[in-house]
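What follows is a single structure, written as C-alpha cells, with notes after it.
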Amino acid sequence: MPDKKFNIIVILCLVLLGLSLVPFSSAIAAEEAGDVQISAYPTDPLVEKQAYLQQIHMNEAWDVATGNDSIVIAIVDTGVDLNHPDLTPNLVQGINLIEPGQPPRDENGHGTNVAGIIGAAANNDKGIAGILWKAKLMPVKAVENDGTGSEAKLGEGIRYAVDHGAKIVVLSLGLNKYSDYMSEIVRYAEAKGVLLVAATGNEGNSVKYPAAYPTVLAVGGMTADKKAHKQSNRGPEVDLVAPWDVFTTGIGGRYEHKDGTSMAAPQVAAVCALAWAKYPWMKPYQIRSLLRQTAEDLSGTGWSPGTGYGLLRADRVLKDPYSEHMYKRNDRKELATPISVSKTVSGSFENGSDPNWFSFEAPYDGSVKLELEMEPKGEVAVTHTDAGGAVKDYSLSAAGPVTMPVTKGKNYLKLQLQNTAKRKLEFRLTTSFEIYQDAYADNGKQYKAYVLPAQSQTLKGTFHRNNDQDWYMLPVTQTGKLSVRLSVDTNRMDPVLFVQKRGEKGTTIDEGGEGEPESFPETDVYPGDYYIRVSNAEGYVPPITGEYTLAIQYKPKLLDPNGPHDKPYSATVMQSGAKYQGLLDKIGGANWFSLNIEEESLVELRLSGIPRNIRMTMSAYNGKLNPVDAVTNPDGASEALFSQLWQPGVYYIRLTADAAFDDRFYELKAEVKPLAGGYTDIKGHWAEAVIKQASERNMIDGYEHYRFMPDRPITRAEAAAVLVRGLKLTKQREVRYTDLGPEHWAYPFIAKAAQAEIIDGYPDGSLAPDRYLTRMEMAAMMARSMKMSGKQRGLSPFTDVKETDWGVGILKQLKAEGWITGFPDGTFRPESQATRAEFVTLLARMMN
C-alpha cells in the first residue's frame, strides 16, 4: 500500500485584541427553557474563556452527567502533553507509533489541544474544564511533529485503539482521497462497536476522509452567529457542527485559543461519551442517531451540506428522550426527511403500514447505491422519484444492495415493508453516491482518445471508475498556438495534465496539489495530432465525486488572403462595397490597398475587427503617395472610420498596427458614393434632374455627409424657405405665432412667405413650423404663390377628394391648368406627407 500523506486539520488561531466575551454565567438567564438552577458548575479559573461551552449548552448537560471514566477515548493525533497538570488526571497508557518505544509525547500541540477540550480535569483550581470532568484519554501518536503523517500510521493508530479497549476514537485529521485500506479500518471499528468521530476539514471544500466514510460521525465548524464557517468543509457527509473557536490546553502546561474543525470534533466526541454514560447499552449507530436527532437545526430544512443536522446540543443529548425512529413524521412525501446522499442513517418501521419518506440532494447526475441492515430481516419496497420526476420501484433487502440512477437535484425515497405484519423493525440505511460517466467515455487509452474539433473549447469530465483517466486528441491542421488549463471542483482530485504531439516526447504537468489547477503554457504548435491526457496523481484509485474542467485555447496562425501586399506597388485593388480581410503578423509591417475613383465621390473607409488592445492606423495617400489623411481607432475600440470627399484618381490606403497579430482578421471595406448635384443619394432618383436644378439655383439645401434625402417628408418651415429662395422674395413683415419666435432658424423665411401671403397659421394662433407638410397644404402654398384663388365649378378631379374638402377648388384649378396630375389610380392623397422631391418638382414646374 502506498504511503499516503495527510495534514492534521488545524488553522492558526487569530487572537483579536479587545474581544469581549459574554460571561458564561450571564447567559444562563437567556436559556430558552427559562431560569435554570445550576447543580454542577466548574470552578476552574479560566473557564470563562470557554465560550464554546455556552454555545453547546454544557451547563445544562452537566446537570445530568459530568464525566465518563468507564470508557476509553482514543486521540489519534500528534500525542498529548503527558505532564500537563490539567490532563494528567485523565490520561491512560497510550502508544507512540512514530517513535516506537517512546511515550506518546506531543511536540506539536495539536493533540494536546484536542485532549483539553474533551477531558481537562475540572474543579482542580487549574486552567480550564473539559467537557468530561472525569475521563480516560488514550494518546495515540500517529502524526509527525510537523503535523503530517501517513495513512498507514493513521490506520494503524485506529486499529490499535480499537484493539486496546477504546470506545470512541477522535480523528481531528484527514486526507482528501478515499482508500480501500482506510475504508476497511473504518468498517472494522464499526464491527467492534467503536465510534469514530472525525473533523471535516478547513479548506471550504469537500469533506475529508475518514470523516467522509458512511459510519464516521463527521463534524464541521460553526461561527458564533450559528452559521457554517466559510472554511469548514461541506458536503453530503456532514453530520453536525460544533463551535469553531475554542480555548484549550497547550503544550508546556499552557492554555491557548485555537480554531477549526479539529477543535469542533472533540466537542462531539466528549458529548458522545456523556451519552454513553447515560445509555451504556447503545451501539455506535444509535449514538450517531441520538446526536443527529437532538441537534439544533440551523438550516431550517432538517439537514444541509453545510451544517448537517445542526448544532451539537449537549443538553438535549442528555435530557431529550431517545427515539429509535428519529423520523417520526415522514409518512408522506411532503414530510420527507432530508438525509445525506452518502451516509448511514437508522430508523424503524413501526408496523407494516408505516412508510418512511426521505429526500436527498444529488450533487451531480450519477447513481445511488442503497444498502439495508434490518433486524429481524425483511423485504422493503423502495419507490424512487427522480429529480426529473421519473418514478421507479425497487425491492431492497439485507441480501444485497440496489443501485438506481439519479439526476442532479432533489430526489425522493419511499421505504415500506413488503411484509405488513404488525411488528416493529429497526433498520439502517446506507446511501452511497457515484458520479455519472462523462460524454467522452470510453477514452481511457490513448488509442481510444476522443477526437475534438480543431478549435478553442471548454469541456467537463469525470473520473467515474477505478484508476480512470481520459484521453483527448486535437487534430491541428494549421500552425498556431496552444494552451491548456485543467481545473477541478473538489480537493479530492489532484489533477495531472499530459500533452504530447504524435511521434514526439510528451510533457507532464503536475505542479499543484490537491484541488489546484494545472496549466500547459501557450506554445507554438504545427500540423499534427496533439494528445491531451487528464488523470489524477498516483494513489487516487476509486471514482471521485467531482468534475474537472478542461479549457483548450487553440489559436491558428492565419494567413493573409491578400498577401503579400506590404508595398504600394503590390497593393490589393479594392472595389466599392467589398470586404477585405487581413492581418499584420510582423511588428512594423504594413498592408497596402488601392482604390480607383472615377468621379467626384464621398469615400467611406471602415476598418473593423481590430484585436483588443491593438491600435491600428488607416492612412490615405493620393496617386503621388502624398498624405491625404489618417485615422487611428480610439483606446478599446474595435473600429476606425474614415470619410472624405475625393476627386477622380487613384488613392492608396496603408494599414499599420502598434503590435503584431496573427490569430484573427481585421476587415476593411470601402463605400464609394458618387455625387450628383453635390449629393450622394439622388443619382438615379426620379427627381434627380429637378433636384440638381434647384440646388444649382440655391433654392434648397441638403444635409451633412452630402445627403439630400429626397424621400424625406418636408416640414412647413422648410417649404417656406424653399419658396422664398425660389421666388427670390425679399420683403417681410413681423409675424406672431404662439409656437414661432425670432430664434427659430426659419423665422426670416416664414416672415417673407407671410408677407407674400403664401403661408398662414392655424385658427388657434399656431404655425407648427416643424410639422410635416401635407400634399394638400403643398398645393395650397403653390397656388397662393401664383395668386390662384381656386375654381368652384366642375367635379372633383380626384377620387379621394370630396366637394366639401377645404382645398378642392385649388386642386380643380391646378389640375385644369396642368400643374398637378395625381397618382395613376386617380387619387391625390391630400393628407399624405409631401416629400422634399415632390415639393421641389412642383416648384420647378411653376418657375419654368
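Below, all heavy atoms of this structure are taken into account, side chains as well, without hydrogens, waters or symmetry copies.
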- Message: Just checking Arg771: does its CZ atom have more than 12 heavy atoms from other residues, nucleotides or ligands closer to it than 6.0 angstrom?
- Response: yes
- Side chain to side chain, Ile700 and Phe708, heavy atoms closer than 4.5 Å: yes
- Rounded to the nearest 0.5 Å, how far does CG of Leu474 lie from CG of Leu452? 6.0 Å
- Task: Could you tell me whether Lys692 and Glu696 make a salt bridge, using a distance below 4.0 angstrom between a side-chain N and a carboxylate O?
- Result: no
- Is there a donor in the side chain of Asp489 and an acceptor in the side chain of Tyr364, or the other way round, less than 3.5 Å apart? yes
- Item | Exercise: identify the closest heavy-atom pair between Ala670 and Leu605 | CB-CD2, 3.5 Å
- Message: If the threshold is 4.0 Å, N to carboxylate O, is there a salt bridge linking Lys481 and Asp662?
- Response: no
- Item | Check: Ser299/Thr301 side-chain N/O donor and acceptor closer than 3.5 Å | yes
- Query: How are the rings of Phe828 and Phe798 set to each other: parallel, tilted or perpendicular (split at 30° and 60°)?
  - Reply: tilted
- Task: Give a yes-or-no answer on whether the side chains of Gln478 and Tyr554 include a donor-acceptor pair shorter than 3.5 Å.
- Result: no
- Under 30°, 30 to 60°, or over 60°: which ring-plane class applies to Tyr651 and Trp646, parallel, tilted or perpendicular? parallel
- Item | Basic-acidic side-chain contact under 4.0 Å: Lys812, Glu803 | yes
- More than 12 foreign heavy atoms under 6.0 Å from CD of Glu598: is that the case here? no
- Message: Is the positively charged end of Lys673 above the ring of Tyr706, judged by distance under 6.0 angstrom from the centroid and angle within 45° of the axis?
- Response: no
